[in-house]
Novice: 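Got a structure for you, questions after.
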Amino acid sequence: MNDVRAAWPVRPNLWADRLTSYAFGVEAAIGQNPMRYLLARRFDLTAPTSALTMLFVMEPRVLFGTYVRIDEDPGGCRVQTFLPTMARPVQVAEALMFDCLPLTDVGYLDLMAWPHPGLRALPAADAGPAADAGPAGTTRTLHYAGPDSVPTLRVHEVIDLELSMVVERIFVRDGRPVRRWEIVERGVGQESLPLRIRVSRPPTGHETEFLRAGPPISVPQAVFDAEPVRLRDWVEHRLMDAGGT
């Protein structure tokens, strides 16, 4: 099958309209613990499906210095995580990319600009009941074509045809919905970058909401070539100057 990143005219996830290199802040609460993140993304202007995404954990302080790096290109997708206790970043195994960062409800797939290249489109007849989450013609179902040792994984997505973007995503393992990602408050007007996103877990009823803290800022492409700490500090200072975090 064809790579679903090229098969559908759907805009990248967390796309900030005309900005090709940008950053913004995100706030959330896990229980009583406030969480704060910085997300920065650079699209490769010479390759339509290539992007670098960096997520920095700012709060809680015990996790400050943690970051995730996601490199996407036509050849695949590579995810690295780093915690201050590590000597160097470690690469996330492909099968684990469909889970969440430790101690959070932040999914690796939620941070990617496009569906993971290991996901393949399923015909509507094979999609299953969860694919009925939206009106006809606005849904697609993807399945993970991984090794047999990995539990059956399907991802059902609802697409807003007017904005050409995914607005809801349901993760199904071995036939059971285990996680739902959905945009509950969109940007103003035709702005595509969401203001508020909810993640819920049907088996437990647990919910977490992520709120964008202000508008995105433009980031020079070259800033992404710096060390992660320098990129994080540059973004943090610019967001503070803009009153966005």
Side-chain angles (χ1 to χ4, degrees), residues 1-28 39-45 47-51 53 55 70 72 77 105-117 119-143 154-172 177 179-200 202 207-219 244:
M1 293 183 181
N2 293 330
D3 188 332
V4 294
R5 293 176 297 174
W8 281 69
V10 178
R11 293 172 176 173
N13 186 40
L14 302 179
W15 185 62
D17 300 303
R18 300 189 228 358
L19 295 177
T20 58
S21 184
Y22 56 93
F24 57 92
V26 177
E27 298 174 351
L39 189 143
R41 171 169 288 164
R42 177 181 68 183
F43 288 104
D44 187 334
L45 301 180
T49 57
S50 294
T53 302
L55 179 78
I70 301 177
E72 297 174 81
C77 178
D105 278 335
V106 180
Y108 294 111
L109 199 66
D110 304 334
L111 301 175
M112 296 177 189
W114 298 280
H116 186 277
L119 292 172
R120 296 291 182 265
L122 273 178
D126 300 329
D132 298 330
T138 66
T139 62
R140 65 180 177 186
T141 298
L142 315 173
H143 77 105
R154 292 187 178 184
V155 181
H156 303 287
E157 296 187 333
V158 178
I159 299 165
D160 184 304
L161 296 181
E162 180 182 1
L163 297 178
S164 297
M165 59 185 288
V166 174
V167 294
E168 184 176 352
R169 183 179 294 121
I170 303 169
F171 297 81
V172 179
R179 187 169 180 271
R180 181 190 299 268
W181 175 99
E182 57 186 323
I183 296 174
V184 293
E185 187 175 356
R186 304 179 185 181
V188 178
Q190 292 297 306
E191 183 183 347
S192 60
L193 188 61
L195 283 171
R196 191 157 52 98
I197 288 173
R198 178 187 298 128
V199 175
S200 56
E207 292 185 353
T208 300
E209 289 199 350
F210 298 89
L211 178 67
R212 170 158 59 86
I217 60 169
S218 179
V219 180

Novice: How far does OG1 of T53 sit from OH of Y108, to the nearest 0.5 angstrom?
Specialist: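 That separation rounds to 14.0 Å.
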Novice: For the atom pair CD (E182) and CD (E209), what is the distance rounded to the nearest 0.5 Å?
Specialist: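 Reported to 0.5 Å precision, the distance equals 9.0 Å.
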Novice: Answer yes or no: is there a side-chain heavy-atom contact under 4.5 Å between M112 and E72?
Specialist: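 Touching, per the 4.5 Å side-chain cut-off.
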Novice: For the pair D110 (side chain) and W181 (backbone), establish whether a donor and an acceptor sit closer than 3.5 Å, ignoring hydrogens and angles.
Specialist: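 Not at all, since once roles are kept as given, no pair shorter than 3.5 Å links the two residues.
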Novice: Donor-acceptor pair, distance only, cut-off 3.5 Å: does the side chain of R179 make one with the backbone of D105?
Specialist: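 Checking the backbone N and O of D105 against the side chain of R179, a donor-acceptor pair under 3.5 Å is found.
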Novice: Begin from the C-alpha positions of S21 and V219 and carry the test side-chain contact (heavy atoms from CB on, under 4.5 Å) through to its verdict.
Specialist: CA-CA 5 Å; S21 184; V219 180; 4.0 Å; yes
Novice: Once you round to the nearest 0.5 Å, how far does OG1 of T141 lie from CZ of R154?
Specialist: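 T141 OG1 to R154 CZ: 7.5 Å, rounded to 0.5 Å.
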Novice: Find the distance between OG (S192) and CG (D17) and round it off to the nearest 0.5 Å.
Specialist: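 If we round to the nearest 0.5 Å, S192:OG and D17:CG are 4.0 Å apart.
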Novice: Determine, stepwise, if the pair T20 / L45 fulfils side-chain contact (heavy atoms from CB on, under 4.5 Å).
Specialist: CA-CA 8 Å; T20 58; L45 301 180; 3.7 Å; yes
Novice: For R169 and H156, indicate whether the former's side chain and the latter's backbone hold a donor-acceptor pair under 3.5 Å.
Specialist: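 Pair absent, no side-chain N/O of R169 close to backbone of H156.
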Novice: Once you round to the nearest 0.5 Å, how far does CG of L19 lie from CZ of R42?
Specialist: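 It comes to 15.0 Å.
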Novice: Any heavy-atom pair between the side chains of P194 and R186 that's under 4.5 Å?
Specialist: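 They are not in side-chain contact.
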Novice: Among I183, L14, I159, whose side chain to side chain contact (heavy atoms under 4.5 Å, CB included) with M165 holds?
Specialist: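 With M165 as partner, side chain to side chain contact (heavy atoms under 4.5 Å, CB included) holds for just one option, I183.
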Novice: With a 4.5 Å cut-off on side-chain heavy atoms, are V155 and L119 touching?
Specialist: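 Yes. Closest side-chain heavy atoms under 4.5 Å.
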Novice: Within the structure provided, determine whether V106 and L55 are in side-chain contact (heavy-atom separation under 4.5 Å).
Specialist: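 The answer is yes, as the side chains (C-beta and beyond) meet within the 4.5 Å cut-off.
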Novice: Looking only at atom types and distance, does a side-chain atom of R198 sit under 3.5 Å from a main-chain N or O of F210, one as donor and one as acceptor?
Specialist: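 No; zero donor-acceptor contacts below 3.5 Å.
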Novice: If you take all heavy atoms of A28 and T208, which pair is closest and at what distance?
Specialist: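 Residues A28 and T208, closest heavy atoms: CB-CG2, 4.3 Å.
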Novice: Under a plain distance cut-off of 3.5 Å, with no hydrogens placed, do D44 and S50 share a side-chain donor-acceptor pair?
Specialist: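 Short answer, no.
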Novice: Which atom names give the shortest non-hydrogen contact between L111 and N13, and what distance separates them?
Specialist: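 So the minimum-distance heavy-atom pair works out to N-ND2, 4.3 Å.
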Novice: Who are the salt bridge (Lys or Arg N to Asp or Glu O under 4.0 Å) partners of R41, not counting sequence neighbours?
Specialist: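 Once residues adjacent in sequence are excluded, R41 has no partner under the salt bridge (Lys or Arg N to Asp or Glu O under 4.0 Å) criterion.
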Novice: Can you give me the closest heavy-atom contact between P115 and R140, atom names plus distance?
Specialist: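 Smallest interatomic distance, heavy atoms only, reads CG-NH2, 3.6 Å.
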Novice: Quick one: pull up CG in L39 and CZ in F24 and give me the separation to the nearest 0.5 Å.
Specialist: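 Answer for the CG-CZ pair, L39 versus F24, is 4.5 Å.
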Novice: What pairs with P12 under side-chain contact (heavy atoms from CB on, under 4.5 Å), at least two apart in sequence or on another chain?
Specialist: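 Testing P12 for side-chain contact (heavy atoms from CB on, under 4.5 Å), a comparison that skips the adjacent residues, returns W15, F43, A113, W114.
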Novice: I need the minimum non-hydrogen distance between P216 and R212, along with the two atoms involved.
Specialist: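 Looking at all heavy atoms of both residues, the shortest contact is CD-NH1, 3.8 Å.
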